[in-house]
Amino acid sequence: MTQEARKRRIFWLGYHKVLKYTELKRLRDLGFEVFNPRYISEVYDQSADHRADLDQPSTLPLEVFHTLMQFNFFHVRGSYPPQIKALLNAHFDVAIVTINADWLKTFLDAYDGRVIYRIYGQPYSLSDHMASIGLPKVIFSRPDFTIVPFSSESIEYEHAWFKRLCVDHVPYQIPDDVFGLSGQWKQANHRLEIAVNIPNIENPSYAHAYRQFSSKFPHRFFRIYGPQRSVPLDRRIVGGLDRRAFLLSLRESAGFFYNYSDHVCYLPPIEMMEIGGPVIYVRGSLLSKFFDQSPGLASDELEAEKKLRWLLEGDHKFINEVVAAQEPVRQRYDRAHVLPLFDAAFVKLLGEHHALPAKLQDAKHIAEQASQGSPRQDVILFLLHIPGLIGRKNGQTFAIEGIPRVVEKLIEVTVEQLGSNVVVSCMSSDQHTYYDFFEQHIAAEKLSLLVIDQDEVAEQTEINRLKFVEDVNQQEHIRAVFVPHYYAFPESMLLKQPLILYLPDYFPYLMPNHAFDVSKEKDEENRSIGIEVAAKAKAILTASAFTKSYLPDAGFVQTAELDKVVVTSLPQLGRKAPEKVGGDAMAQLEADLKGNAFIFYPTANRPNKQLSFLIRVFSCALIHRPDLRLVLTCSLDSVPGVVDTVNRFEIADRITLKQQASDEEMAWLFTHSSALCLTSTAEGNFPPQLREALFFRTPIVATRLPVITELLKEREEELLLCRPLDLVDFVDKLQLALDDRQSIVCRQEGIRDLLSNRDNSPEFFEGFKRALALATPYFTREK
Amino acid sequence: MRMGLMIQELRKDSVGAEVVAIYDLMRRTGHEVFVMTATGESTSPLPTYHYVDARWLLADGKDLLVYFCCGRDDLAVRELRRQACRIALRFYGMTPSKVWAPYSAKLTKDARIAINQLQDLAQLPLDAVLCASESVKAAFEYRGISESDLFHIPMFHRASLLAASPDNKHTLGQLAKNSLNLVTVGPIVPAANLVRMVETLAELDQVERSAVHLHVIGELLPETGPYVAAVSQQIDELGLSDRVTFYGDISTSALATFYRHADAYWSSSNMHVYGPVVEAMSFGNVIISPPLSVAKEICGEAAVYVESAGEEAAAIRMLFEDGGADALRHSSKQNFDARYRLSGVSSRFTEILSDLDRRIAATISANDLPITGSWFDVPNTKEIVKAALVLKSTVSPRAIDGRDRRLDLLDWAFREGWRSSEVLQRLLSSKEFAEFMNGLQMPRAASHLPPQMKLAWHFNRVAQATFDFDEPGDVQRYTKWFERELMHCYWKGAAEP
C-alpha cells in the first residue's frame, strides 16, 4: 500500500470506558485507522476499560502492534524508551491524547507529529496544572498542537494562552446504549428512590464528595451508584452495576440528584435526562452552567430536599417543568447533535492538509512576544518580580489591592497615553498569570516580560535576581526603570538605568514608636535600602504634598533635591463595576460569609491602620448585632497585639480574612458590606478605600484624617467621620450605618459626585510624565 | 395506614425485639411500616430509614409515627417537631441520672438531658403515649398529657420465638456445672444494679456460694466500660470470679436454654424489668426482684420481692429447698398466660390504633373549645385564637392541647388565616401586636432579623426545629428558606392590606 493510499493512522491515547466506544469507535467509522494501547497501569481508575482491544483493525506490522500493545502508556514516570519513541514517530500521522495533562507531557516528549489534546472538563484549572509541569513551553515549540474541549463552559477558568490553543468546542456524546431507552422514564413504574452517582469512595476526591453528600443528605431514599473498591456501612450504596442494569435502575428511579458543585459534568445525570427522567442539581457545577434558570436547581439542601420530595411524590407539574428545562442540556450530548459536529471537526483536524488554527499562531505569537525582551526602542522597565502581586481566580487575573494596582494604572498610562513600550519583570512561577494579565498589551506588541527563574533553593533565586540585573544593564533600549516599592527591589541599586521610585508614604517616620516590619531593626534595614534607592532615583513619585513635606526629614531626600519629588493624585483604582461581579465569586463569598452582615476594611496590616482598635470597635458592635462579621484582606499577625486582641475578645470565628482578593471580590465585598470602617490614624494621601466605598455606595465610617478633611473641606460632615481611636464615636457611627444604610449612602452621595467629577486621571498622568521627564528625556520629548 | 417506627438505635435488646415485633404485626395486617434510626443504619436485616426520611414517608396527617423513647435523643426531638403526621411515644421510663454518676459524667449528663427532653416531647402534638406499665404514666401526667392520651400496653416480646428454639448444647453444659443457676438478662448498665447482686452472692456461705452461679446475659456497651470495670473489680475482690459469668450477646437458642433450665430469673434492676422478666415468666421461671411498683405490676404474685442483699440471699436459699419455689413457678407461668401472651399484646395494640383512628374523625364546634393553656404572651390572645378558630368552624377536641398544637394554630392564623378575616387583620394590626412582634427574642445570631421573620420563627415549629442558629450559616439558610416558603404569605405587620 502506498503512503497516499494508506488510511491516516492515529494514535489514540485514552482508556475511558465511554470514550472508547463513542469517540474512538467513531473515528474508525470515519475511516481512520486508530490504534488504542491497552490499559496496563496499576493505578486504579473506576472509569478505565481494562479490556485489551487485540482485534482492533490495524495495518501496523504485527511486531510493532504487539510491542505497542505491551507497553504501558498511562501514568508513566519518566519518558518512553527510545524504541517506543521511534515506533510512534515512524508509524503514526496524528495522535489524540485524552484527558490527562501528565500523559500529554510524556507523549509530547516522545512524539514529534501533530497532537490533538481532547478534554472533557475537569474539577481544577487544567492550564494551571499544565503550566506547573512546564507544558506551555513544550507546546509553543511544536509545529502542530491543538486542544479540543467539549464545551466553552468547561474552559471558562483556563488561562488565555490555553484558550487560544483550543479549537471551537466539539461536544461529546453519552454512550450509544442509552439511546435504546430514550424518553422511556415516563412509562416506567418508579421506585421511591433517587439515584446518585458517587463512584470509588476510596479515592480522596470522591470520599470528600461522599462525606459532604451524606452529612447533608442522610435520607435513605437515595441509591448511590458507581463502582466501588470497598464499601462503607451505608445500605444506600449500590455499587457498580452492569450498564443495562444501571440504565434500567435510572429509568425506575423517581429522579436523579447531581450532588457535585465542582467544575465538572459527569455523564449519569445526562443519561438520566436522555432516558427522560428529572435531574435536580446543586449550584456551582459545570452542569448548572448549562442552564440559565431551571426548576431543577437546588440552591441549598433544604430546597434540594423539597424538590426531591416532589419527585418522590410524583408531582407531575414539577417533573414536567424540570424535564422541559433540561431539554437543551440533553441535546448537547445527544448522538444526533454530536456526531455531525464531531465528524466535521475531526475530519478537518485529522486531515493531511489541515492548517494550524489561527489562534495557535496567536498563542505562539503572544508567548514569543512576551518572552522577547524585545530589542525595541525606548522602553520602561517596571519591576514586578515579587510572587503574588498579580492574582488569578476563576480564570480571571487581577492586580492585588495596593501598590500593584497603581503599577497596573501606570503601565496602562505608559502604553495608552504615552505610546511607549513596557517591559515587566516577573518570577517564573507567575509567568503565565502575567501573560493573561497583560494580554492586551502583549498582543499589541507593547509589553514583554523579563522572566527570572525561580529556584527551589532560595539562594539560587537570589543569584538569578542578580543575573537579571546583568541582563537589564545590557539592554540599551531600557531607558528607565520604575521601582514600585522602596525596599522590595534592592537590586535596583545596581541598575545603570535611571530609576523612578514610587514612595506614596513612609509611616515609620510618622509613627516612630511602632515596628512596621517584623522588628524595628528590620524597619531600619528597610529604610537604609530605601534611602539608597531614593538617592539613586532620578525621580520620586509620591501621592500627596503631605508625604513630600516629610521625606527630607525621613532621610529619603536632601532638602536641596526636593525638586525630584513629584506629587500626583491617585485616580480611581479597581476595574470592575459591581454588576460585572461573576456568579461564582459571589457564591463563594456568600458561602464564606454565610450571608451575614459584615464590616469591611481592605488594607495591609500596619500599625497606622489600628486594627487592634478596629477589633475593639467590632467587638462592641457585636453586642448590638451578634450576626455581624468583620472582613479584612490582610494577615493579622504582622503587627504585634492584633491577634492578642482577637483572642481576648474571643472573636476569631467572626473574622473572615480574604487575602489577595480579586477585583471581582473586592467589588462584591464593597457592594455587600454594611460599612467600610477605616480606623487608620495616618495616611499619606486620600485613602483609596474611601474612593472605592463611595463608588460602590458603601456606608463609610472613618477616622477624621487631615488628608480627608483637606479634600472635603466643609463637606466633611457628609461622611461619618470619627475622632481618632475614639471607641464610643466609632461604635455610635457604625451603629448608624448598620441601622440605616440607605440614608447614610444618600448622605455621602454628594461626596461621591464631588470625587467622580474630579477625574484624577489627567493629573495622575501628568505627574507620572513629570517624574519620567526628570529621569530620562526619551519618553516626553516631542516625537 | 402508614406507620413509622422511630428508634435511635435498633439493637438486639428487648426494645429492639419490640420494634421488630410491631413491624411484623403491622406488615402482617396489611400496613406499610418503616423503621427509622438516627443513622439510617441498623444491625437488623429490616429495611431501615433515617429519621429525616419520616417527613416524606409519613407526609399524610393520618400516618402514625411511633417514637421509642429510650434516652437522650436530640435529633429525634428536632425531627419530631417537623412532622406533619400523627405522633405516638412509646415509653418505658427513664434511668435517673444519679445511677450513672459514679461511672460517667457524660452519661450522667445525657440521662439528665433525656429526662428534660420528656418535657419537649410532651409539648409535641402527641396523639398517644404508649406506656409499658401503668406506673410510668405518671411521668407524662406530670407533664400535662391528659389521661385519655396515655395508654398502657405491655411490651411485645420474643417468648414465642424463644419457646420454639431448641436447647443449645454448649449452654446446657455451662448450666450442668452448677447446682443452682441464676440468670439475669439486659444491657450491662448501672441501672441493672449488678453491684447489689454481687454483694448478695457474697452474703451466701461458702457451701451455698460454691453451688450457685450467676449468668449475666446482655450487651456490653462501649460507653459503660467504667461500670463493667467496677463490677469486675468487685467480683475479683470478693473472690467470686468463678461464680459469675458475663456472656454479652448470645444466640436465641442459648438464651432460650438459659430461661428454660435456670432455677430463677434474678433482677436487682431499678428500671429494666419489662421484656426479659416477661420472657422469663413465659418459661415459668421464679422471679427475684426488688419491690418496685413496676415489677409488682408486671409480676404480681409470680415474684419474690426483696429489698436488700440479705433478703436476696434468703430468696436464693429458698431455691435450695426441695419444692420451695414450685408455687412461684406455677404462678409465673399462669401470669404470663393470662396477661402477656403475644396475641393479647397484639390485640391491645390494634385496639389502641383503632381508638386513635376514631379520634381523627372526632370534631367539635370551634366555639365550644375552651381556650386554655399558655399562649406565648401574644397580645389579645383570646380574640386572636377565637378569630382563628371561627375560620376553621369545626376542630379536633384536642386542637389546642400542648404547646405545639397551640403554635400550629397561631402559625396558621399568621400564615393563612389573616387573609380571610378582617377581625384577625385588625387584631394583628394593633400597636400591641406590632410591639410584640418587634420584641420577640431570638437566638443571639438572629436577633437582628426583621419582625416578620421573628414571628415566623417563633410560631412555625418546622422553622424552629430546622434552624437553631447555633451553626454558622443558619441565619443565611433561614433567610433563604423564609424567602422561598413564607415571606409571600406570612403576616408582615400593620402595613399589610
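In the text below, chain A, chain B and the rest are named by the order of the sequence lines, each starting its count at 1.
Here R484(B) is the residue among M36(B), R484(B), R444(B), R55(B) with the most heavy-atom pairs under 4.5 Å with chain A. Per-residue counts of heavy-atom pairs under 4.5 Å with chain B were compared for E313(A), R309(A), K306(A), R625(A); the largest is that of R309(A).
Interface remark: R235(A) contributes backbone and side-chain atoms alike to the contact with chain B (heavy atom separation under 4.5 Å). Of the two parts of D234(A), the backbone and the side chain both hold a non-hydrogen atom closer than 4.5 Å to a non-hydrogen atom of chain B. In this structure, the portions of L192(A) lying under 4.5 Å from any heavy atom of chain B include both its backbone and its side chain. Proximity to chain A is absent for every atom of T37(B), based on heavy atoms less than 4.5 angstrom apart. For E303(A), the parts sitting under 4.5 Å from any heavy atom of chain B are the backbone and the side chain alike. Heavy-atom distances place the side chain of L312(A), and not its backbone, under 4.5 Å from chain B.
Contact check for K480(B) versus D300(A): side-chain heavy atoms found under the 4.5 Å cut-off. A 4.5 Å side-chain heavy-atom check between L302(A) and Y478(B) finds every atom pair outside the cut-off.
For the atom pair I623(A) CD1 and S447(B) OG, the distance stands at 12.0 Å (nearest 0.5 Å). The line from CG of D53(B) to CZ of F222(A) is 8.5 Å long, rounded to the nearest 0.5 Å. To the nearest 0.5 angstrom, W56(B) atom CH2 is 11.0 Å from E305(A) atom CD. In this structure, OG on S299(A) lies 11.5 Å from CZ on R477(B), to the nearest 0.5 angstrom.
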Exercise. Test side chain to side chain contact (heavy atoms under 4.5 Å, CB included) on T48(B) and R220(A) and set out the steps.
Key: CA-CA 8 Å; T48(B) 311; R220(A) 299 288 113 172; 6.0 Å; no

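The local environment of NE2 in H31(B) is crowded, with over 12 non-hydrogen atoms from other residues, nucleotides or ligands closer than 6.0 Å. Residue R27(B) places its CZ atom among 12 or fewer non-hydrogen atoms of other residues, nucleotides or ligands, all under 6.0 Å distant. When the shell of 6.0 Å around CZ of R223(A) is examined, it contains more than 12 heavy atoms from other residues, nucleotides or ligands.
Salt bridge status for R236(A) with E41(B): absent, with no side-chain N to carboxylate O gap under 4.0 Å.
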